[in-house]
Amino acid sequence: MRVRLKVNGEDRAIDVPDQRLLVDTVRYDLGLTGTKLGCGVGVCGLCTVLVDGKMVSSCLMLTALVDGATITTIEGLEHDGQLDPVQTAFLKYGGFQCGICTPGQIMAAHALLQENPHPSDAEIKDWMMGNLCRCTGYYKILESVQRAAAGDV
Amino acid sequence: MIPFELHTPTTLDEALGLLAQYGDEARPIAGGTALVLLMEQHQGRPAHLVNLGRVAGLSGITTENGSLRIGAGTPHRLVEMNPAVKQGWSLLAETYARVATVRIRNVATVGGGLAHADPNQDPPPSYIALNARVQIASRQGTREVAMEDLFRDYYETQLQPGEVITEVVVPRPIASLRTAYLKFLPRTADDYPTVGVAVALDVQDGRCVAARIALNAVGPTVVRAREAENVLRGQMLNPDLLREAAATVPAITDPISDHRGSANYKSRMAEVFTRRALERALAA
(Lines give C-alpha, C1' and ligand atoms only; values in the text may rest on other atoms or scores of the structure.)
Protein backbone atom coordinates (compact mmCIF):
# COMPACT_ATOMS: atom_id res chain seq x y z
CA MET A 1 0.00 0.00 0.00
CA ARG A 2 0.97 3.63 -0.41
CA VAL A 3 2.06 5.06 2.93
CA ARG A 4 2.65 8.72 3.63
CA LEU A 5 5.05 9.65 6.39
CA LYS A 6 6.81 12.76 7.59
CA VAL A 7 10.30 11.44 8.21
CA ASN A 8 12.72 13.68 10.09
CA GLY A 9 10.80 16.72 8.83
CA GLU A 10 10.49 15.58 5.22
CA ASP A 11 7.28 14.36 3.56
CA ARG A 12 7.72 10.92 2.04
CA ALA A 13 5.35 8.61 0.17
CA ILE A 14 6.41 5.01 -0.22
CA ASP A 15 4.84 1.81 -1.50
CA VAL A 16 5.22 -1.09 0.91
CA PRO A 17 3.70 -4.55 1.29
CA ASP A 18 1.05 -4.67 4.04
CA GLN A 19 3.33 -6.89 6.16
CA ARG A 20 6.31 -4.49 6.03
CA LEU A 21 7.80 -3.75 9.46
CA LEU A 22 8.61 -0.15 10.31
CA VAL A 23 12.22 -1.05 11.13
CA ASP A 24 12.63 -2.38 7.58
CA THR A 25 10.93 0.67 6.12
CA VAL A 26 13.26 2.94 8.04
CA ARG A 27 16.41 1.02 7.14
CA TYR A 28 15.70 -0.20 3.62
CA ASP A 29 12.83 1.81 2.11
CA LEU A 30 14.13 5.09 3.53
CA GLY A 31 17.82 4.19 3.78
CA LEU A 32 18.14 5.45 7.34
CA THR A 33 20.46 2.77 8.69
CA GLY A 34 21.21 4.52 11.98
CA THR A 35 18.28 2.60 13.42
CA LYS A 36 19.41 -0.96 14.19
CA LEU A 37 17.57 -4.26 14.39
CA GLY A 38 18.48 -6.22 17.49
CA CYS A 39 16.27 -8.82 19.13
CA GLY A 40 13.31 -8.35 16.79
CA VAL A 41 10.88 -9.03 19.63
CA GLY A 42 10.53 -5.60 21.22
CA VAL A 43 12.83 -6.22 24.16
CA CYS A 44 16.29 -4.78 23.45
CA GLY A 45 15.53 -1.21 22.34
CA LEU A 46 17.92 -1.04 19.39
CA CYS A 47 15.14 -0.23 16.92
CA THR A 48 13.65 2.62 19.00
CA VAL A 49 12.18 5.42 16.87
CA LEU A 50 9.60 8.09 17.62
CA VAL A 51 6.13 7.87 16.07
CA ASP A 52 4.27 11.15 16.56
CA GLY A 53 6.75 11.90 19.34
CA LYS A 54 6.22 8.63 21.22
CA MET A 55 9.00 6.06 21.35
CA VAL A 56 8.14 2.67 19.92
CA SER A 57 9.83 -0.59 18.96
CA SER A 58 9.89 -0.35 15.18
CA CYS A 59 10.49 -4.12 14.94
CA LEU A 60 6.95 -4.76 16.23
CA MET A 61 5.22 -2.03 14.23
CA LEU A 62 3.63 -2.51 10.84
CA THR A 63 4.46 0.42 8.56
CA ALA A 64 0.89 0.36 7.27
CA LEU A 65 -0.46 1.07 10.76
CA VAL A 66 1.44 4.37 11.03
CA ASP A 67 0.29 5.82 7.71
CA GLY A 68 0.20 9.59 8.08
CA ALA A 69 2.49 9.67 11.12
CA THR A 70 5.55 11.74 11.90
CA ILE A 71 8.61 9.53 12.29
CA THR A 72 11.82 10.68 13.98
CA THR A 73 14.96 8.57 13.75
CA ILE A 74 18.46 9.12 15.08
CA GLU A 75 19.31 10.92 11.81
CA GLY A 76 16.60 13.48 12.60
CA LEU A 77 18.00 14.73 15.89
CA GLU A 78 20.72 16.87 14.36
CA HIS A 79 19.63 20.29 13.13
CA ASP A 80 21.90 22.46 10.93
CA GLY A 81 24.98 20.67 12.16
CA GLN A 82 23.93 20.97 15.79
CA LEU A 83 23.62 17.69 17.62
CA ASP A 84 20.81 17.11 20.09
CA PRO A 85 21.99 17.73 23.67
CA VAL A 86 21.58 14.02 24.37
CA GLN A 87 23.92 13.18 21.50
CA THR A 88 26.48 15.71 22.74
CA ALA A 89 26.22 14.33 26.26
CA PHE A 90 26.79 10.74 25.09
CA LEU A 91 29.91 11.91 23.23
CA LYS A 92 31.23 14.07 26.05
CA TYR A 93 30.55 11.65 28.91
CA GLY A 94 31.31 8.36 27.18
CA GLY A 95 27.76 7.04 27.00
CA PHE A 96 28.72 4.30 24.57
CA GLN A 97 31.40 1.78 23.76
CA CYS A 98 30.71 -0.48 20.78
CA GLY A 99 27.84 1.74 19.66
CA ILE A 100 25.28 -0.77 18.44
CA CYS A 101 22.69 0.16 21.09
CA THR A 102 23.51 3.87 21.00
CA PRO A 103 20.94 5.11 18.45
CA GLY A 104 18.20 3.43 20.48
CA GLN A 105 19.59 4.71 23.78
CA ILE A 106 19.72 8.25 22.44
CA MET A 107 16.21 8.10 20.96
CA ALA A 108 14.87 6.81 24.29
CA ALA A 109 16.70 9.49 26.29
CA HIS A 110 15.55 12.18 23.85
CA ALA A 111 11.94 11.00 24.22
CA LEU A 112 12.30 11.03 28.01
CA LEU A 113 13.56 14.63 28.10
CA GLN A 114 10.82 15.74 25.72
CA GLU A 115 8.21 14.37 28.12
CA ASN A 116 10.01 15.01 31.40
CA PRO A 117 12.82 17.60 31.06
CA HIS A 118 14.09 17.13 34.62
CA PRO A 119 13.76 13.45 35.48
CA SER A 120 14.98 11.98 38.76
CA ASP A 121 17.61 9.24 38.64
CA ALA A 122 14.88 6.70 39.39
CA GLU A 123 12.75 8.03 36.52
CA ILE A 124 15.71 7.82 34.12
CA LYS A 125 16.41 4.21 35.12
CA ASP A 126 12.76 3.24 34.88
CA TRP A 127 12.40 4.82 31.43
CA MET A 128 15.70 3.51 30.02
CA MET A 129 15.47 -0.04 31.41
CA GLY A 130 14.17 -1.35 28.09
CA ASN A 131 17.30 -0.30 26.22
CA LEU A 132 19.92 -2.98 26.71
CA CYS A 133 23.67 -2.35 26.59
CA ARG A 134 26.21 -5.15 26.93
CA CYS A 135 29.30 -2.90 27.15
CA THR A 136 28.95 0.07 29.44
CA GLY A 137 27.37 -1.29 32.59
CA TYR A 138 24.90 1.60 32.17
CA TYR A 139 26.65 4.04 34.52
CA LYS A 140 27.96 6.18 31.68
CA ILE A 141 24.60 6.08 29.92
CA LEU A 142 22.84 7.21 33.08
CA GLU A 143 25.41 9.97 33.58
CA SER A 144 25.02 11.12 29.97
CA VAL A 145 21.25 11.42 30.35
CA GLN A 146 21.63 13.23 33.69
CA ARG A 147 24.10 15.68 32.13
CA ALA A 148 21.87 16.28 29.11
CA ALA A 149 18.91 16.97 31.43
CA ALA A 150 21.03 19.38 33.47
CA GLY A 151 22.14 21.22 30.33
CA ASP A 152 25.69 20.31 31.25
CA VAL A 153 26.89 19.65 27.71
CA MET B 1 6.07 -12.65 7.82
CA ILE B 2 3.45 -14.42 5.75
CA PRO B 3 1.58 -11.90 3.58
CA PHE B 4 -1.95 -10.85 4.48
CA GLU B 5 -4.43 -8.28 3.33
CA LEU B 6 -4.86 -5.27 5.61
CA HIS B 7 -8.24 -3.54 5.92
CA THR B 8 -8.51 -0.17 7.60
CA PRO B 9 -12.13 0.65 8.49
CA THR B 10 -13.01 3.96 10.11
CA THR B 11 -16.25 2.97 11.85
CA LEU B 12 -17.05 0.11 14.21
CA ASP B 13 -19.89 -1.06 11.94
CA GLU B 14 -17.50 -1.30 9.02
CA ALA B 15 -14.94 -3.18 11.16
CA LEU B 16 -17.54 -5.66 12.43
CA GLY B 17 -18.76 -6.15 8.87
CA LEU B 18 -15.26 -7.03 7.67
CA LEU B 19 -14.73 -9.41 10.59
CA ALA B 20 -18.08 -11.10 9.87
CA GLN B 21 -17.24 -11.33 6.18
CA TYR B 22 -13.85 -13.01 6.65
CA GLY B 23 -14.69 -15.01 9.79
CA ASP B 24 -11.91 -17.39 10.82
CA GLU B 25 -9.61 -15.94 8.18
CA ALA B 26 -9.50 -12.53 9.86
CA ARG B 27 -7.97 -11.15 13.01
CA PRO B 28 -8.40 -7.66 14.40
CA ILE B 29 -5.18 -5.73 14.96
CA ALA B 30 -4.74 -2.61 17.10
CA GLY B 31 -1.22 -1.75 18.30
CA GLY B 32 0.08 -5.05 17.01
CA THR B 33 2.79 -5.59 19.65
CA ALA B 34 1.48 -9.09 20.38
CA LEU B 35 0.02 -10.11 17.03
CA VAL B 36 2.97 -8.94 14.91
CA LEU B 37 5.29 -10.93 17.15
CA LEU B 38 3.16 -14.07 16.76
CA MET B 39 3.00 -13.59 13.00
CA GLU B 40 6.75 -13.01 12.78
CA GLN B 41 7.22 -16.32 14.57
CA HIS B 42 4.63 -17.97 12.28
CA GLN B 43 2.39 -18.73 15.28
CA GLY B 44 -0.53 -17.19 13.45
CA ARG B 45 -1.17 -16.62 9.78
CA PRO B 46 -4.43 -14.72 9.26
CA ALA B 47 -5.20 -13.96 5.63
CA HIS B 48 -6.92 -10.71 6.61
CA LEU B 49 -6.10 -8.18 9.29
CA VAL B 50 -8.74 -5.65 10.28
CA ASN B 51 -6.97 -2.56 11.61
CA LEU B 52 -8.95 -1.14 14.53
CA GLY B 53 -6.52 1.74 14.96
CA ARG B 54 -8.57 4.18 12.85
CA VAL B 55 -12.00 3.19 14.14
CA ALA B 56 -13.66 6.27 15.59
CA GLY B 57 -14.74 6.10 19.23
CA LEU B 58 -12.74 3.04 20.29
CA SER B 59 -10.13 4.98 22.26
CA GLY B 60 -10.43 7.16 25.32
CA ILE B 61 -11.06 7.18 29.06
CA THR B 62 -14.22 8.55 30.66
CA THR B 63 -16.05 8.29 33.95
CA GLU B 64 -19.78 7.79 33.94
CA ASN B 65 -22.06 7.26 36.96
CA GLY B 66 -18.96 6.59 39.03
CA SER B 67 -17.65 3.88 36.71
CA LEU B 68 -14.46 4.11 34.72
CA ARG B 69 -14.87 3.36 31.02
CA ILE B 70 -11.70 2.59 29.08
CA GLY B 71 -12.02 2.33 25.31
CA ALA B 72 -10.46 -0.85 23.95
CA GLY B 73 -8.18 1.13 21.64
CA THR B 74 -6.62 3.14 24.46
CA PRO B 75 -2.86 2.56 24.73
CA HIS B 76 -1.58 1.23 28.06
CA ARG B 77 0.46 4.37 28.61
CA LEU B 78 -2.62 6.62 28.58
CA VAL B 79 -4.28 4.53 31.30
CA GLU B 80 -1.16 4.74 33.43
CA MET B 81 -0.90 8.53 33.00
CA ASN B 82 -4.61 9.44 33.21
CA PRO B 83 -5.35 11.72 36.21
CA ALA B 84 -8.82 10.23 36.86
CA VAL B 85 -7.39 6.69 36.83
CA LYS B 86 -4.51 7.68 39.12
CA GLN B 87 -6.90 9.30 41.53
CA GLY B 88 -9.84 6.89 41.63
CA TRP B 89 -8.45 3.59 40.29
CA SER B 90 -4.82 3.81 41.40
CA LEU B 91 -4.43 0.02 41.29
CA LEU B 92 -4.97 0.13 37.52
CA ALA B 93 -2.56 3.03 36.98
CA GLU B 94 0.09 1.19 39.03
CA THR B 95 -0.54 -2.08 37.23
CA TYR B 96 -0.33 -0.64 33.72
CA ALA B 97 2.88 1.16 34.71
CA ARG B 98 4.44 -2.27 35.36
CA VAL B 99 3.72 -3.68 31.89
CA ALA B 100 6.87 -4.23 29.79
CA THR B 101 8.49 -0.91 28.78
CA VAL B 102 7.29 2.56 27.82
CA ARG B 103 7.88 1.65 24.15
CA ILE B 104 5.40 -1.20 24.38
CA ARG B 105 2.93 0.73 26.55
CA ASN B 106 2.84 3.55 23.99
CA VAL B 107 1.50 1.11 21.40
CA ALA B 108 -0.20 -1.88 23.06
CA THR B 109 -3.91 -1.26 23.63
CA VAL B 110 -6.14 -2.24 26.53
CA GLY B 111 -8.48 -4.33 24.39
CA GLY B 112 -5.69 -5.85 22.34
CA GLY B 113 -3.91 -7.01 25.46
CA LEU B 114 -7.04 -8.64 26.85
CA ALA B 115 -7.88 -10.36 23.56
CA HIS B 116 -4.32 -11.67 23.35
CA ALA B 117 -5.05 -13.56 26.61
CA ASP B 118 -1.50 -14.38 27.58
CA PRO B 119 -1.95 -15.62 31.17
CA ASN B 120 1.26 -13.85 32.20
CA GLN B 121 -0.14 -10.38 31.60
CA ASP B 122 -0.34 -7.85 34.43
CA PRO B 123 -3.70 -6.07 33.98
CA PRO B 124 -6.20 -8.98 34.19
CA PRO B 125 -5.69 -9.81 37.91
CA SER B 126 -6.13 -6.15 38.85
CA TYR B 127 -9.24 -5.87 36.69
CA ILE B 128 -10.67 -9.02 38.30
CA ALA B 129 -9.86 -7.70 41.78
CA LEU B 130 -11.79 -4.52 40.89
CA ASN B 131 -14.72 -6.50 39.44
CA ALA B 132 -14.32 -5.08 35.93
CA ARG B 133 -16.56 -6.00 33.01
CA VAL B 134 -15.77 -6.27 29.32
CA GLN B 135 -17.99 -4.93 26.55
CA ILE B 136 -18.00 -7.02 23.38
CA ALA B 137 -19.51 -6.11 20.00
CA SER B 138 -20.28 -8.02 16.84
CA ARG B 139 -22.70 -7.73 13.93
CA GLN B 140 -25.23 -9.54 16.15
CA GLY B 141 -25.10 -6.82 18.79
CA THR B 142 -23.30 -6.19 22.04
CA ARG B 143 -22.82 -8.23 25.17
CA GLU B 144 -21.00 -7.85 28.45
CA VAL B 145 -18.94 -10.40 30.38
CA ALA B 146 -17.19 -10.27 33.72
CA MET B 147 -13.42 -9.97 33.29
CA GLU B 148 -12.88 -13.23 35.17
CA ASP B 149 -15.06 -15.08 32.63
CA LEU B 150 -13.25 -13.70 29.57
CA PHE B 151 -10.33 -16.11 29.55
CA ARG B 152 -10.57 -19.77 28.46
CA ASP B 153 -7.05 -21.09 27.93
CA TYR B 154 -3.55 -20.03 26.88
CA TYR B 155 -4.07 -17.22 24.34
CA GLU B 156 -7.77 -18.00 24.18
CA THR B 157 -10.78 -15.95 25.25
CA GLN B 158 -14.48 -16.58 24.89
CA LEU B 159 -14.53 -14.08 21.99
CA GLN B 160 -16.06 -15.65 18.88
CA PRO B 161 -14.99 -14.88 15.30
CA GLY B 162 -16.56 -11.54 14.39
CA GLU B 163 -16.47 -10.21 17.95
CA VAL B 164 -14.24 -7.46 19.28
CA ILE B 165 -13.73 -5.96 22.73
CA THR B 166 -14.92 -2.37 22.67
CA GLU B 167 -14.63 -1.20 26.24
CA VAL B 168 -13.69 -2.14 29.79
CA VAL B 169 -15.93 -0.86 32.59
CA VAL B 170 -14.56 -0.67 36.12
CA PRO B 171 -16.77 0.27 39.08
CA ARG B 172 -15.39 2.90 41.42
CA PRO B 173 -13.66 1.25 44.39
CA ILE B 174 -15.44 2.07 47.63
CA ALA B 175 -13.46 4.14 50.13
CA SER B 176 -12.75 1.19 52.43
CA LEU B 177 -11.22 -0.94 49.64
CA ARG B 178 -7.53 -1.77 50.09
CA THR B 179 -5.75 -2.90 46.94
CA ALA B 180 -2.36 -4.06 45.75
CA TYR B 181 -0.77 -5.70 42.72
CA LEU B 182 2.47 -7.50 43.42
CA LYS B 183 4.66 -8.83 40.63
CA PHE B 184 7.52 -11.23 41.30
CA LEU B 185 10.34 -10.43 38.89
CA PRO B 186 13.48 -12.45 39.52
CA ARG B 187 14.92 -11.67 36.06
CA THR B 188 14.41 -8.19 34.64
CA ALA B 189 12.09 -5.30 35.50
CA ASP B 190 10.32 -5.40 32.11
CA ASP B 191 9.64 -9.15 32.16
CA TYR B 192 6.42 -11.02 32.61
CA PRO B 193 6.05 -12.06 36.25
CA THR B 194 7.06 -15.42 37.62
CA VAL B 195 3.85 -14.96 39.56
CA GLY B 196 1.65 -11.89 39.98
CA VAL B 197 -1.14 -11.28 42.48
CA ALA B 198 -3.80 -8.59 42.71
CA VAL B 199 -5.88 -8.23 45.85
CA ALA B 200 -8.81 -6.00 46.80
CA LEU B 201 -10.05 -6.18 50.38
CA ASP B 202 -12.96 -4.26 51.80
CA VAL B 203 -11.89 -3.75 55.39
CA GLN B 204 -14.20 -2.13 57.93
CA ASP B 205 -13.07 -1.76 61.55
CA GLY B 206 -10.46 -4.45 61.07
CA ARG B 207 -12.91 -6.94 59.63
CA CYS B 208 -12.71 -8.16 56.02
CA VAL B 209 -16.17 -7.58 54.56
CA ALA B 210 -15.32 -8.62 51.01
CA ALA B 211 -12.24 -9.93 49.21
CA ARG B 212 -11.24 -10.47 45.62
CA ILE B 213 -7.88 -12.06 44.82
CA ALA B 214 -6.56 -13.05 41.37
CA LEU B 215 -3.26 -14.38 40.09
CA ASN B 216 -1.49 -14.44 36.73
CA ALA B 217 1.30 -16.65 35.38
CA VAL B 218 0.26 -19.73 37.39
CA GLY B 219 -1.79 -21.59 34.81
CA PRO B 220 -3.50 -21.49 31.41
CA THR B 221 -5.61 -18.50 32.44
CA VAL B 222 -5.62 -15.85 35.11
CA VAL B 223 -7.26 -17.44 38.16
CA ARG B 224 -9.39 -16.14 40.98
CA ALA B 225 -8.39 -17.43 44.41
CA ARG B 226 -11.88 -18.01 45.76
CA GLU B 227 -10.81 -20.29 48.59
CA ALA B 228 -8.41 -17.65 49.88
CA GLU B 229 -11.22 -15.07 49.65
CA ASN B 230 -13.49 -17.38 51.68
CA VAL B 231 -10.88 -17.70 54.42
CA LEU B 232 -10.74 -13.90 54.78
CA ARG B 233 -14.38 -12.91 54.32
CA GLY B 234 -16.21 -11.98 57.50
CA GLN B 235 -13.11 -12.40 59.67
CA MET B 236 -11.06 -10.01 61.76
CA LEU B 237 -7.78 -9.73 59.87
CA ASN B 238 -4.53 -10.78 61.51
CA PRO B 239 -1.19 -12.12 60.23
CA ASP B 240 -2.12 -15.76 60.88
CA LEU B 241 -5.32 -15.42 58.87
CA LEU B 242 -3.43 -13.91 55.91
CA ARG B 243 -1.04 -16.88 56.04
CA GLU B 244 -3.96 -19.28 56.19
CA ALA B 245 -5.59 -17.64 53.15
CA ALA B 246 -2.36 -17.67 51.14
CA ALA B 247 -1.82 -21.36 51.98
CA THR B 248 -4.92 -22.24 49.92
CA VAL B 249 -3.46 -20.74 46.75
CA PRO B 250 -0.98 -23.41 45.53
CA ALA B 251 -3.86 -25.87 45.10
CA ILE B 252 -5.47 -23.73 42.40
CA THR B 253 -2.27 -23.22 40.42
CA ASP B 254 -1.27 -25.24 37.38
CA PRO B 255 1.89 -23.56 36.12
CA ILE B 256 4.38 -24.70 33.50
CA SER B 257 8.10 -24.96 34.15
CA ASP B 258 10.01 -22.42 32.10
CA HIS B 259 12.89 -19.94 32.32
CA ARG B 260 10.94 -17.97 34.95
CA GLY B 261 10.89 -20.90 37.36
CA SER B 262 9.86 -24.52 37.76
CA ALA B 263 6.18 -25.36 38.16
CA ASN B 264 6.73 -26.28 41.80
CA TYR B 265 8.62 -23.07 42.49
CA LYS B 266 5.87 -20.95 40.91
CA SER B 267 3.19 -22.69 42.99
CA ARG B 268 5.13 -22.02 46.17
CA MET B 269 5.87 -18.44 45.19
CA ALA B 270 2.15 -17.96 44.48
CA GLU B 271 1.54 -18.56 48.18
CA VAL B 272 4.36 -16.29 49.30
CA PHE B 273 3.36 -13.45 47.00
CA THR B 274 -0.34 -13.74 47.83
CA ARG B 275 0.53 -13.27 51.49
CA ARG B 276 2.78 -10.33 50.68
CA ALA B 277 0.15 -8.74 48.43
CA LEU B 278 -2.40 -9.02 51.25
CA GLU B 279 0.08 -7.46 53.67
CA ARG B 280 0.87 -4.67 51.23
CA ALA B 281 -2.80 -3.88 50.63
CA LEU B 282 -3.42 -3.64 54.36
CA ALA B 283 -0.32 -1.53 54.97
CA ALA B 284 -1.29 1.01 52.30
Side-chain angles (χ1 to χ4, degrees), chain A residues 1-3 16-24 35 37-69 104-105 107-112 114-116 119 122-132 138, chain B residues 1-10 27-55 73 75-78 80-81 94 97-109 112 116 185 187-192 259:
Chain A
M1 68 177 275
R2 165 67 51 111
V3 176
V16 296
D18 286 353
Q19 73 270 21
R20 194 71 156 163
L21 293 172
L22 183 58
V23 66
D24 294 328
T35 301
L37 177 65
C39 68
V41 294
V43 170
C44 78
L46 259 68
C47 69
T48 304
V49 301
L50 308 189
V51 174
D52 292 331
K54 305 283 186 197
M55 68 169 178
V56 308
S57 290
S58 59
C59 71
L60 290 184
M61 179 65 81
L62 295 176
T63 303
L65 296 188
V66 297
D67 184 24
Q105 300 281 0
M107 293 313 291
H110 174 81
L112 169 63
Q114 293 286 306
E115 186 169 315
N116 180 0
E123 286 170 332
I124 297 173
K125 287 180 181 174
D126 188 54
W127 184 280
M128 300 293 295
M129 76 175 171
N131 287 80
L132 305 185
Y138 299 104
Chain B
M1 201 183 315
I2 292 165
F4 53 82
E5 192 179 340
L6 181 73
H7 307 268
T8 302
T10 54
R27 288 291 300 272
I29 185 167
T33 51
L35 189 57
V36 168
L37 189 55
L38 289 178
M39 290 167 58
E40 278 283 291
Q41 297 171 342
H42 294 193
Q43 304 270 339
R45 47 189 71 183
H48 298 270
L49 286 187
V50 177
N51 174 15
L52 301 180
R54 308 292 163 106
V55 171
H76 287 30
R77 180 78 175 155
L78 293 188
E80 161 196 355
M81 303 294 283
E94 289 159 17
R98 305 298 305 281
V99 175
T101 58
V102 174
R103 289 194 311 274
I104 300 300
R105 301 202 294 274
N106 277 337
V107 177
T109 65
H116 181 50
L185 287 168
R187 298 171 74 243
T188 61
D190 58 350
D191 199 7
Y192 279 136
H259 55 287

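Please read these numbers as outputs of a predicted model, since none were measured by experiment. Each chain gets a letter, A, B and so on, in the order the sequences are listed, and its residues count up from 1.
- The nearest pair of heavy atoms linking B:Leu6 to A:Ala64 is CD2-CB, 3.4 Å.
- In terms of heavy-atom proximity, A:Met55 sits nearest to B:Asn106 at O-ND2, 2.9 Å.
- Note: B:Ala189 leads B:Gly32, B:Gly53, B:Ala189, B:Ala30 in heavy-atom pairs under 4.5 Å with chain A.
- Here the rule is side chain to side chain contact (heavy atoms under 4.5 Å, CB included) with A:Val56, and of B:Thr33, B:Val102, B:Val107 only B:Val107 fits it.
- For B:Ala34, no part lies near chain A; criterion is any non-hydrogen pair under 4.5 Å.
- A distance of 10.5 Å separates CG in A:Asp18 from CE in B:Met1, rounded to the nearest 0.5 Å.
- Taking 4.5 Å as the limit, some side-chain heavy atom of B:Ile104 sits within range of a side-chain heavy atom of A:Leu60.
- How far CD of B:Glu40 is from CG of A:Leu21: 4.5 Å, rounded to the nearest 0.5 Å.
- Among B:Ile29, B:Thr8, B:Ile2, B:Leu37, the residue making the largest number of heavy-atom pairs under 4.5 Å with chain A is B:Leu37.
- If you measure heavy-atom distances from B:Ala97 to chain A, you find no contacts under 4.5 Å at all.
- Considering only heavy atoms from C-beta on, A:Val43 stays 4.5 Å or farther from B:Thr188 through its side chain.
- Other residues, nucleotides and ligands place more than 12 heavy atoms under 6.0 Å from the CZ atom of B:Arg77.
- The two residues A:Gly130 and B:Arg103 come nearest to each other via the heavy atoms O-NH1, 2.9 Å.
- For B:Leu35, no part lies near chain A; criterion is any non-hydrogen pair under 4.5 Å.
- Between A:Asp67 and B:Arg54, the closest heavy-atom pair is O-NH2, 3.0 Å.
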Note to self: Apply side chain to side chain contact (heavy atoms under 4.5 Å, CB included) to residues B:Leu49 and A:Gln19 and explain how you reach the verdict.
What the structure shows: CA-CA 10 Å; B:Leu49 286 187; A:Gln19 73 270 21; over 6 Å; no

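- Of the two parts of A:Val66, only the backbone, made up of N, CA, C and O, holds a non-hydrogen atom closer than 4.5 Å to a non-hydrogen atom of chain B.
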